[in-house]
Chemist: 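Got a structure for you, questions after.
As the structure is a computational prediction, the values presented were derived from the model and not from experiment. The chains referred to below are lettered A, B, ... by the order of the sequence lines, with proteins before strands, and numbering in each begins at 1.
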There are 2 protein chains.
Amino acid sequence: MNIGEAASASGVPAKTIRYYESIGLLTPAPRSQGGYRVYSDTDLKVLKFVQRARSLGFAVKDVGNLLKLWSDRERSSGDVKAVAIRHIDEIDRKLAELHSIRETLVHLTRRCHGDDRPDCPILDDLARNGN
Amino acid sequence: MNIGEAASASGVPAKTIRYYESIGLLTPAPRSQGGYRVYSDTDLKVLKFVQRARSLGFAVKDVGNLLKLWSDRERSSGDVKAVAIRHIDEIDRKLAELHSIRETLVHLTRRCHGDDRPDCPILDDLARNGN
DNA sequence: TCTTGACCTTCCCAATGCTGGAAGGACCAT
DNA sequence: ATGGTCCTTCCAGCATTGGGAAGGTCAAGA
């Protein structure tokens, strides 16, 4: 199949597939006589794998690792789990940061009456000297 | 003061200050005879404002809006609040997405024994055809 | 057969928000 | 004078695409 079909079947845009190929995440697809990339059902499975891993927030580099692990029948599940756990830790860090930021913002907006009057605790906070 | 001092006093790296100037977020600093950027205490307050707003996750564009609102004595607090609330909404979207991803990953890692055996529900999930 | 339109190709630019480095000038203390 | 530490500009790159131009390919219809 052509890249367009592979794209709509996998959920990875054609542009992105080409990009993944260019950075070495995907092995270059063989070409038809006219120079079109040709994808097999196996390739499609890889694309879907990538799509799903990316949708779970794995960095492209991590996806590369997962792909390697996926094709390695000798790998231990512990290796895969380690990648996943590192990713969860990363997510936890982001969650904590966003939660903390959110709390500050909610606190500030609650104190800001948000009408036509000019005085605004949000700006006051941003401008206050001691951090 | 020089850019280096302004940087360490504000928490915004010198490189970043120049970058902000280049994209128009900050008005160009006046120069000394030797061509060095010179910052006043007022400039420092602006830099700190920017630092704090960025640390709260406001996009650079939003920081620009907030700076304008900050220097506008006529603005209503409602305008500021609107920026903040849009930002909170954005954060909420990210939080929801991360929570959902986290749940999936935790579920998968729990089912993966993570030892030397090769079979791994994490890869199985990534590779599964549906979805 | 010719044409049309949808697809594909490569290439470059844009975005976000910086960060690093190179080449060279400025400043300050010894 | 000399060295070291600042500063300057410019260029390039990170990650992850999206957009679009210029042009080639392919399949179907008139």
Side-chain angles (χ1 to χ4, degrees), chain A residues 1-26 28-40 43-44 47 49-67 86-87 90-91 93-94 97-98 101, chain B residues 1-26 28-40 43-44 47 49-67 86-87 90-91 93-94 97-98 101:
Chain A
M1 78 196 79
N2 282 343
I3 198 172
E5 202 180 338
S8 56
S10 68
V12 183
K15 278 240 155 194
T16 305
I17 295 175
R18 292 194 199 100
Y19 168 70
Y20 287 162
E21 194 186 290
S22 82
I23 62 170
L25 176 64
L26 302 174
R31 303 299 183 104
S32 71
Q33 264 202 324
Y36 286 17
R37 286 173 183 81
V38 177
Y39 295 89
S40 68
D43 296 330
L44 189 53
L47 286 172
F49 182 102
V50 170
Q51 203 290 320
R52 172 103 178 117
R54 291 288 295 131
S55 81
L56 287 176
F58 284 100
V60 172
K61 200 172 269 184
D62 287 337
V63 178
N65 285 333
L66 290 171
L67 277 176
R86 255 188 287 118
H87 186 35
E90 179 67 24
I91 288 173
R93 266 194 297 281
K94 283 186 194 159
E97 194 187 350
L98 285 177
I101 287 175
Chain B
M1 76 194 82
N2 282 342
I3 198 171
E5 202 181 337
S8 56
S10 68
V12 183
K15 277 245 160 194
T16 305
I17 295 174
R18 291 193 200 99
Y19 167 70
Y20 285 161
E21 195 186 287
S22 82
I23 61 170
L25 176 65
L26 301 175
R31 303 300 182 103
S32 71
Q33 263 201 325
Y36 286 17
R37 284 173 184 81
V38 176
Y39 295 90
S40 68
D43 296 330
L44 189 54
L47 286 171
F49 182 103
V50 170
Q51 203 292 316
R52 172 99 177 121
R54 290 289 296 130
S55 81
L56 286 176
F58 283 100
V60 171
K61 201 171 269 186
D62 286 338
V63 178
N65 284 332
L66 290 170
L67 277 176
R86 254 187 288 119
H87 185 34
E90 179 66 23
I91 287 172
R93 265 193 298 280
K94 284 185 194 159
E97 194 187 348
L98 286 176
I101 288 174

Chemist: So if I take every side-chain heavy atom of A:Lys15 and compare against C:dC18, C:dT10, C:dC11, which nucleotide ends up nearest?
Modeler: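 Nearest to the side chain of A:Lys15 among the choices is C:dC11.
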
Chemist: For B:Ala14, which contact category applies under a 4.0 Å heavy-atom criterion: base, sugar-phosphate, or nothing?
Modeler: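 The answer is nothing, as B:Ala14 stays clear of every strand by at least 4.0 Å.
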
Chemist: Has A:Arg37 got a side-chain N or O lying under 4.0 Å from the OP1 or OP2 atom of C:dT10?
Modeler: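 Yes.
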
Chemist: Determine the minimum heavy-atom distance between B:Ile3 and B:Arg18, stating which atoms define it.
Modeler: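 Reported closest heavy-atom pair: CD1-CG, 3.6 Å.
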
Chemist: Does D:dG18 have OP1 or OP2 sitting under 4.0 Å from an N or O in the side chain of A:Thr16?
Modeler: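 Yes.
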
Chemist: Any chance you could measure B:Ile91, atom CD1, to A:Glu97, atom CD, to the nearest 0.5 Å?
Modeler: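 CD of A:Glu97 is found 9.5 Å from CD1 of B:Ile91.
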
Chemist: For a quick check of understanding: with a heavy-atom distance under 4.0 Å over all strands, which category does B:Ile23 fall into, base, sugar-phosphate or nothing?
Modeler: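 Nothing, no nucleic acid heavy atom in range.
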
Chemist: Taking five pairs at each end, how big is the angle between the two axes of the helix from C:dT1-D:dA30 to C:dT30-D:dA1, to 10°?
Modeler: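 So the angle between the two local helix axes works out to 30°.
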
Chemist: Looking only at side-chain N and O atoms, does B:Ser32 come under 4.0 Å of OP1 or OP2 in C:dA26?
Modeler: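 Indeed not, no polar side-chain atom of B:Ser32 lies that close.
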
Chemist: What nucleotide, of C:dC8, D:dA15, D:dT8, holds the atom closest to the side chain of B:Ile3?
Modeler: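 Looking only at side-chain atoms, B:Ile3 lies closest to D:dT8.
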
Chemist: Taking all non-hydrogen atoms of both residues, which atom of B:Leu67 and which atom of B:Leu25 are closest, and how far apart?
Modeler: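 It is CD1-O, 3.8 Å.
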
Chemist: For the pair made of CZ in A:Arg54 and C1' in D:dT16, what is the distance, rounded to whole Å?
Modeler: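 Whole-Å distance recorded here is 7 Å.
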
Chemist: Closer than 3.5 angstrom, by distance alone: can the side chain of B:Asn65 be matched with the main-chain N or O of B:Asp62 as a donor-acceptor pair?
Modeler: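 Checked: no pair found.
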
Chemist: Send over the distance from B:Arg31 CZ to C:dA26 C1', rounded to a whole Å.
Modeler: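 Rounded to whole Å, this separation is 13 Å.
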
Chemist: Atom CD of A:Gln33 and atom C1' of C:dT9: how far apart are they, to the nearest Å?
Modeler: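 Taking atom C1' of C:dT9 as the reference, CD of A:Gln33 is at 16 Å.
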
Chemist: OP1 or OP2 of C:dG25 versus the side-chain N and O atoms of B:Tyr36: is any pair under 4.0 Å?
Modeler: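 False: B:Tyr36 side-chain N/O out of range (4.0 Å or more) of C:dG25 OP1/OP2.
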
Chemist: Which heavy atom of A:Tyr39 sits nearest to which heavy atom of A:Leu47, and what is that distance?
Modeler: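 It is CD2-CD1, 4.4 Å.
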
Chemist: Please report, rounded to the nearest Å, how far the C1' atom of D:dG18 is from the CD1 atom of A:Ile17.
Modeler: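 Distance check: A:Ile17 CD1 to D:dG18 C1' gives 15 Å.
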
Chemist: Starting at OH of B:Tyr20 and ending at C1' of C:dT16, how long is that distance when rounded to a whole Å?
Modeler: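 B:Tyr20 atom OH is separated from C:dT16 atom C1' by 11 Å.
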
Chemist: How many whole angstroms separate atom CG of B:Asn2 from atom P of D:dG4?
Modeler: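 Atom CG in B:Asn2 sits about 21 Å away from atom P in D:dG4.
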
Chemist: Counting side-chain heavy atoms from C-beta on, which of C:dT9, C:dG17, D:dT17 comes nearest to A:Arg18?
Modeler: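 Among the listed nucleotides, the one closest to the side chain of A:Arg18 is C:dT9.
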
Chemist: Round to a whole Å and report the spacing from OH of B:Tyr39 to C1' of D:dC7.
Modeler: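 In whole Å, D:dC7 C1' and B:Tyr39 OH are 11 Å from each other.
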
